[in-house]
Amino acid sequence: MVRELIENSKKIVIKIGSNTLSNEDGSINREFLKAFSNQVAHLMGMGKQVVIVSSGARISGVATLGKWKRRQDMHYKQALCAIGQVELMDAYKKVFLDYNYHIAQLLLTRGDFSDPHRILNIRNTLFTLVDEGVIPIINENDTVSVEEIKIGDNDTLAALTSNLWNADLLILFSDIDGIYDKNPKTCEDANLIEEVRDIDALVKEIEIGDTNDFGTGGIATKIEAARKVNNYGTPMILANGKKENIIFKLLEGTEKATIFWPNN
Ligand code: ADP
């Protein structure tokens, strides 16, 4: 099912979480990025268009500077993101150049999604980049986003992007295979739910546990992201980005994931 869904989707938004992107010590996992770029290049070779939403600016900032890890003041967090965003893009740029793809950086905030002029501009830029074979990489613009006006997590940013671009499919990569009836990190007997057709019913049935250290949104924001894109008629896949060559495996049908189907 997952395989058919990916095969039948032309415009795909892929979100990479900090957990997926980083090593245990918080540095950028370059092996992952190499393998990921290879898989994205493969998707593009299949005639698909890909937009990436990537977290990881702050952890890259910490890894680059080697300090400020525990600073909680807003302006230090923002400074770390500003430093780390450059590192992050540099890492993406290098791996995609091996496949002759250029990347482009788009930094967005919540306000950008509620102003019709900005929406139009973002949409035009996205369409132009993608039509020209460039891979847009989107992240929240942390410099201008204080807590109160933040989107706050990239699951939501990815869903908003997916709707704005009229994507055919949103794929969220996390460090679990999909949605479970309870937190798989703490409950050994948790069962994977492979298909969701009714989010309200799902939320009543499952236990939503805590997220881990690097995670921001937790599973709740992933469910809400699914609701947002499903409302636009777009399906969403939640899959395990920590598994080696996960996109290839999903295409071969050798790994499981959760599909959230729009209910129409
Ligand atoms: P990411 O950083 O990849 O966006 P998060 O760490 O924010 O991901 O959220 C994913 C985490 O949510 C999983 O690692 C898991 O421990 C936790 N979780 C809690 N409840 C559930 C559940 N019912 N099903 C799946 N994961 C769950």
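The first residue of the sequence shown is numbered 1, and numbering continues consecutively from there. We count ligands from 1, going down the list as the structure has it; atoms in each ligand are counted the same way.
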[X]: numbered ligand 1 atoms lying under 4.0 Å from its heavy atoms:
X      : value
Asp175 : 13 (C), 14 (O)
Lys15  : 4 (O)
Ile176 : 13 (C), 25 (C), 26 (N)
Tyr180 : 22 (C), 23 (N), 24 (N), 25 (C)

Heavy-atom side-chain contact between Tyr92 and Tyr101 under 4.5 Å = no

Beyond-backbone contact of Leu172 with Phe260, side-chain heavy atoms, under 4.5 angstrom | no

Taking both backbone and side-chain atoms of [X], is any N or O found less than 3.5 Å from an N or O belonging to ligand 1?
X      : answer
Ser18  : no
Asn183 : yes
Ile208 : no
Asp181 : no

Option set Thr20, Ile179, Ile219, criterion heavy-atom distance to atom 12 (O) of ligand 1, minimum |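 Looking at heavy atoms only, the winner is Ile219.
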
Which of the listed options, Ser174, Gly178, Ser55, holds the heavy atom that is closest to atom 10 (C) of ligand 1?
-> Ser174

Residue portion contacting ligand 1 (non-hydrogen atoms closer than 4.0 Å) for Lys222 |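 Under 4.0 Å from ligand 1, Lys222 contributes side-chain atoms alone.
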
Donor on one side chain, acceptor on other, [X] and [Y], under 3.5 Å:
X      : Y      : answer
Gln85  : Asn139 : yes
Thr128 : Asp131 : no
Asn263 : Asn230 : no

Just do the side-chain contact (heavy atoms from CB on, under 4.5 Å) check on Leu80 and Tyr76 with the steps written out, would you?
-> CA-CA 6 Å; Leu80 273 178; Tyr76 272 90; 5.8 Å; no

Salt bridge check: are Lys10 and Asp168 linked by an N-O gap of less than 4.0 Å?
->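 Salt bridge absent between Lys10 and Asp168.
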
Within 6.0 Å of CD in Glu7, more than 12 heavy atoms from elsewhere | yes

